[in-house]
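Taking it in order: structure first as structure tokens, then the write-up.
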Amino acid sequence: MSSNSFAYNEQSGGGEATELGQEATSTISPSGAFGLFSSDMKKNEDLKQMLESNKDSAKLDAMKRIVGMIAKGKNASELFPAVVKNVASKNIEIKKLVYVYLVRYAEEQQDLALLSISTFQRALKVNGRDPNQLIRASALRVLSSIRVPIIVPIMMLAIKEASADLSPYVRKNAAHAIQKLYSLDPEQKEMLIEIIEKLLKDKSTLVAGSVVMAFEEVCPDRIDLIHKNYRKLCNLLVDVEEWGQVVIIHMLTRYARTQFVSPWKEGDGLEDNEKDFYDSDEEQKEKADKRKRPYTMDPDHRLLIRNTKPLLQSRNAAVVMAVAQLYWHIAPKSEAGIISKSLVRLLRSNREVQYIVLQNIATMSIQRKGMFEPYLKSFYVRSTDPTMIKILKLEILTNLANEANISTLLREFQTYVKSQDKQFAAATIQTIGRCATSITEVSDTCLNGLVCLLSNRDEIVVAESVVVIKKLLQMQPIQHGEIIKHMAKLLDSITVPVARASILWLIGENCERVPKIAPDVLRKTAKSFTSEDDLVKLQILNLGAKLYLTNSKQTKLLTQYILNLGKYDQNYDIRDRTRFIRQLIVPNEKSGALSKYAKKIFLAQKPAPLLESPFKDRDHFQLGTLSHTLNTKATGYLELSNWPEVAPDPSVRNVEVIELAKEWTPAGKAKKENPDEKFYSESEEEEDSSESSSDSESASGSESGEDEEEDHSGDSGEDSGESGSESEAGKGRAAKHAKARGKGDSKDVDKEKENSKSSESSSGESSSIEESSSDSESESESESESESRTITKAKEKKTKQDRNPLTKDVSLLDLDDFNPVSSPVVLPTPALSPSLIADLEGLNLSATSSVISVSTPVFVPGKTHVLLHRMSGKGLAAHYFFPRQPCIFGDKMVSVQITLNNTTDQKIENIHVGGKKLPMGMQMHVFNPIESLEPAGSITVSVGIDFCDSTQTASFQLCTKDDCFSVNIQPPVGELLLPVAMSEKDFKKEQGMLSGMNETSTTIIAAPQNFASSVILQKVVNVANVGVVPSGQDNVHRFAAKTVHSGSLMLVTVELKEGSTAQLIINTEKTVIGSVLLRELKPVLSQG
Amino acid sequence: MSLGEYEKHWKSVVSQSVCDYFFEAQEKAADVENVPPVISTPHHYLISIYRDKLFFVSVIQTEVPPLFVIEFLHRVADTFQDYFGECSEAAIKDNVVIVYELLEEMLDNGFPLATESNILKELIKPPTILRSVVNSITGSSNVGDTLPTGQLSNIPWRRAGVKYTNNEAYFDVVEEIDAIIDKSGSTVFAEIQGVIDACIKLSGMPDLSLSFMNPRLLDDVSFHPCIRFKRWESERVLSFIPPDGNFRLISYRVSSQNLVAIPVYVKHSISFKENSSCGRFDITIGPKQNMGKTIEAITVTVHMPKVVLNMNLTPTQGSYTFDPVTKVLTWDVGKITPQKLPSLKGLVNLQSGAPKPEENPSLNIQFKIQQLAISGLKVNRLDMYGEKYKPFKGVKYVTKAGKFQVRT
């Protein structure tokens, strides 16, 4: 084999390869080895020896040289056995280079490649698999890249295992491997689809892009797999890496076109018209229905459009383009306008990006001029642009031309015509021609301008002008004798064949209008016939024929002369044409009936050529695709289907969680259905009208209708509070949460609790310590903020409100039920600033939703209640209060802080919660047993109780080592709430929906000083944990909250009336709580 | 994919001969700039970019958004630039193994894997002279033996465990004026494009907020993925955990309603006499709306018409060169002193007998103004959360000419 290799290298310029090998060596280790391998002859022998040596450095050098050879396209396959031995090398770099080699040559050396398979298998096997996820991932990557059919089953197994791996990074690689296996063996499709289906359910942003890529490659027609994951994908989108975003957006565009009805108004109108023809009563009724209820966008459709919008700001041109095409293809036409700004921004980028973007803009600008009109000047051409860019810009300028801007454009074109880039100048002339035809007001101006160009010094310009003028004149059958005369004169000087041919044709067509000139032209051209270009010769023949028919007296002989010349021409076509014409026009006995019609044939009214954009029909390709760029269907292009007439069942996208949520709050949800839709369309309008702050709120909030989101909002806080490996843990937990709830199985919830409990105890630290540390953090935070007091106070307050509850959530890190062993790469937990947490919430997937964003409670001095008096507790005293924070144990729980005091002079040991007596549905998360409490010691623990939005008592036993004491906690109704931040507008909107039965009100009479706003605020928040809604009116105070368990809104309004009365109104679905709260608030407010 | 003549395969091996289609297209296009970025061949599609005198060509088998490929190829070129200090044929030749290792990490089966420079640098250490010496002695390698963490975290753009003794954060606000000035000196088109480039050397996981005095100026912004979009939407504050090292934080366009100040004017008179083999060339540059700052580093580049043989000019300041092959005149002016405006005058020699040029060449002007953002954009403050130390902060403003063209 070695001699073979030697021979090969001799043949194919082995010298060059050696040279490269030396270069590689010399740069990598300048101090050594340079001279050692200079012998050409023994090169590969040397490499083999080096690979077999036991020194890593020698092996590495050898591998580097081999990789150098591969890069050069040189064959290094005969080294395969020597290289493959090193696949198990401990040295990572050698290993990687061997991988590179393997992947390149395995297909050619299948038998030998099999030797290496076991190494990868070992890394992937369940037992004793590599603890490092990156090693697992790369083993899978290489294994799947080895294109050897025999290992298909092994690959399949590996992919299956990896798709269930705990590490999302490994799962991502599994998704890539799916495509590779599919291309190696399409037979595996069915099984691969199963894996894809499983991976599509994955909640990790790492996996999403890759699995959608696999989906597109393997089973793009299985749109049904997307349904259940649609909303998740939309919500994840912002956080997926940029490449994944592109793939997902393209896929979702296709999806949307199959699942939603057209939002385009024109379509609607058409449909209505069609309906008019139907007569049957039923149809009529349907039509009436349709009229009554104009188009409302499917909330899922809206979700996609809204969630992709921020991506227009991406730095990645491909992402921006992907969003742009999504808006173009699926957004209502009125909204698509926002993409133009971003697309124009991309024009600052390098020429390749410009090229693609300009092509797409060209297609768009044909259909919807208005979109790009404001950016007209951005398409002005610079002399330094490459020609292809210039021509595309010109194309767009032409598309955008209208009566209003044509004069500016023509002035601009004047500059272009003079350009040194003649190809571009010629294109400009074409453009002027097109403008002349499309905008009739300027056609004369254009024509005159073009005629002026006829005296241009540059022949290409003149020729192009002639061609365009010819087309223009053809379209305007008005008398343009002067121009034709002028052009006839040009025939003496101009040499470009196309131009000469055009002139001749024009004269022929108008030979009756220029009766004096035409025969003269024919005379001249007859003289030069033999030396003319074929194109011109044909036109001379035509001219001759036409003149023969109209003016045979003068031209008969000339024409015959020309026909004779043509008869013996070298060109087949010309001889053919000559024969044809002769038969037609020269009457003889043989010529049939046709010659009677010769005049009609030759001098028929010719249809004017259409000057059209080359981008006219490109829009049937999805924008941004390769097919669109090439204007042909590329392999693997997936058609964008037309909008369905009737939307397929939207409920297929519902995830189980939602249905359960509906069960929980049946009254509320049923009612919400309709207002939801209205809500969406309204928020849409807002978005359009202004970029005010309400915009962002509606963007973050308008998903409130989606129960799923609402339910997760607590989770989102958790997720965002974490980073690094812990965030994974958090996600796992959140996922579990969702699952648990999805099943609605209390057992699961219990289990989860157990899990969290165990991890809590394993972490060793009690949560209170954790909390205190986070508290101190928030303090330092506020200190630093007080230094920076440039922000307006209101803003500061707002951000603080955002931050604080989340600070608490940091303590959640200890509660994860995620097995820490599974993520072996220990990530340092970065000290997260509270603001970061708050902001991560913004980045987070599920927090992108719900108007009901929990805000910080207004600070009130905590009211402490006695849980266990020291007398009855045998020296153990317990107090509790409601910290008014979102509960860390579960988002349906109210958090309660219990302070335990030891008033005896002995240690109290093993304080814990014993038996619980809870009413139906109520749940409680207890604190960890306290081992001992020193005399006079005190400890505060947190518990979480799900009161199910009722004021029922939670009874349980507080036990020590020796005794058990029955205690109970009855929550004041105001503590069953969590404050909500919303704008006045939203408040009113929500209030409007909660009228009638859901409204309770009463009148309060009190002294006027009690109606000072600060007093009212103080009083209301003392009673109930509500958030203040900024109010535009002085006499109306609004407060908003949601119930902890069901998340139903609780809206409190205090409206000051004349004199010393005030109206107290409470709007909520939870009418019972509402009326209780009303009862509690009334005395407080009326008190002095 | 092949780099000039280097190739790397991911999916099944494609014969090198596919590149012949590319070379053909390259020959057909007179200028490298005009090689079409997307070429269709019978079985494959070739998507290429041209950068730093190199073509990066990728071979595509199935439908893919072309921008996806183009953007990725540029990211590859960026990475080479980052690793080798330049993206040149020599650099790639010298580092062919690292190039290969990088490509291996950046793409898997046609789907980009790690494209963040922070992550790649953890996987594969950039070459330095010192390291290559050490490597050759100790036999250690460029490949990181610790595996990167960032790729797996929520903050994929930042590596963990960053430590600096001097913690610094610098921001360069660079604005470029794109303009087309017509013959008479009036502005046909002008807009300001800006970027904020950051050089962040901060330990740990700093969380930064950058606020502006006048954020409303920024009309259209594109962000580095580290920026929290929501925060910008609601408060117009840039809040982010930065990548380590140099990166582009945002690029923006200043709203077009604002009138753009044009800092220089050019008086020009270029004329070619009919039927004579010479012409006159005379340009003078002066300051216009320069906000009281000095305009420096002025260069004027003119692509003269093909009939120009040579130019005999005298500059009052700086130096000029004329390349008779490419017909490019470059005048390196330097600073403008308002007392004595720089000018360049002289004769142009034309090819005898050739018709006089139809059009006067346009002038491309480069300049620089330090300590000024022409749009008036001002950074208000930079706050850091999450870390205890006090970083050193700095903001620098520069205004430059972008595509600044004066038609004559």
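Owing to the predicted nature of the structure, the values given are computational and were not obtained by experimental measurement. Residue numbers start from 1 in every chain, and the chains themselves are labelled A, B, ... in the order their sequence lines are given, proteins ahead of strands.
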TODO: Start with the C-alpha distance between A/Asn350 and B/Ile49, add both sets of side-chain angles, then the distance that settles side chain to side chain contact (heavy atoms under 4.5 Å, CB included), and finish with yes or no.
DONE: CA-CA 9 Å; A/Asn350 37 58; B/Ile49 63 161; over 6 Å; no
Open item on the list: Heavy-atom cut-off 4.5 Å, strictly under: side chain, backbone, both or neither for B/Asp182 against chain A?
Closed with: neither
Open item on the list: Can you see whether B/Tyr45 engages A/Thr635 through a side-chain donor-acceptor pair at a distance of less than 3.5 angstrom?
Closed with: yes
Open item on the list: If we count only N and O atoms by modelled type, under 3.5 Å, do the side chains of B/Gln405 and A/Ser383 hold a donor and an acceptor together?
Closed with: yes
TODO: Sort B/His43 into side chain, backbone, both or neither according to what part of it lies under 4.5 angstrom from a heavy atom of chain A.
DONE: neither
Task: A/Arg315 to B/Ser222 - nearest heavy-atom pair and separation - done: CA-OG, 4.1 Å
TODO: Provide the closest heavy-atom pair for B/Glu104 versus A/Arg141 in the form atom of the first, atom of the second, distance.
DONE: O-NH2, 2.8 Å
Task: Among A/Gly624, A/Ser342, A/Gly209, A/Ser349, residue most engaged with chain B (heavy-atom pairs, under 4.5 Å) - done: A/Gly624
Task: Gap between atom CG of B/Leu67 and atom CD of A/Gln325 - 0.5 Å precision - done: 11.0 Å
Open item on the list: In terms of relative ring orientation, are A/Tyr380 and B/Phe189 parallel, tilted or perpendicular, with 30° and 60° separating the classes?
Closed with: tilted
- [ ] Would you mind telling me which of A/Ala177, A/Gly244, A/Ser419, A/Ala58 has the largest number of heavy-atom pairs within less than 4.5 Å of chain B?
- [x] A/Ser419
Task: Salt bridge present between A/Arg348 and B/Asp178 (N-O < 4.0 angstrom) - done: yes
- [ ] Drop me the distance from A/Lys633's NZ to B/Glu63's CD, to the nearest 0.5 angstrom.
- [x] 10.5 Å
Task: Nearest-0.5 Å distance, OG1 of residue B/Thr115 to CD of residue A/Glu242 - done: 5.0 Å
TODO: Taking salt bridge (Lys or Arg N to Asp or Glu O under 4.0 Å) as the test, write out the residues that go with A/Arg382, two or more places apart.
DONE: none
Task: Under 4.5 Å from any heavy atom of chain B - which part of A/Thr415 - done: both
Task: Residue part contacting chain A, namely of B/Val69, when any heavy atom lies under 4.5 Å - done: neither
Task: Closest approach of A/Ser210 to B/Phe111 (non-hydrogen atoms, all atoms of both residues) - done: OG-CE2, 3.8 Å
TODO: Provide the closest heavy-atom pair for A/Asn316 versus B/Arg75 in the form atom of the first, atom of the second, distance.
DONE: ND2-NH2, 3.6 Å
TODO: For residues B/Pro66 and A/Leu626, report the shortest heavy-atom separation together with the two atoms involved.
DONE: CD-N, 3.4 Å
Open item on the list: Which atoms of B/Pro206 are under 4.5 Å from chain A, going by heavy atoms: the side chain, the backbone, both sets, or neither?
Closed with: neither
- [ ] Kindly give the heavy-atom pair with the smallest separation between A/Glu352 and B/Ser48, and that separation in Å.
- [x] CG-O, 3.5 Å
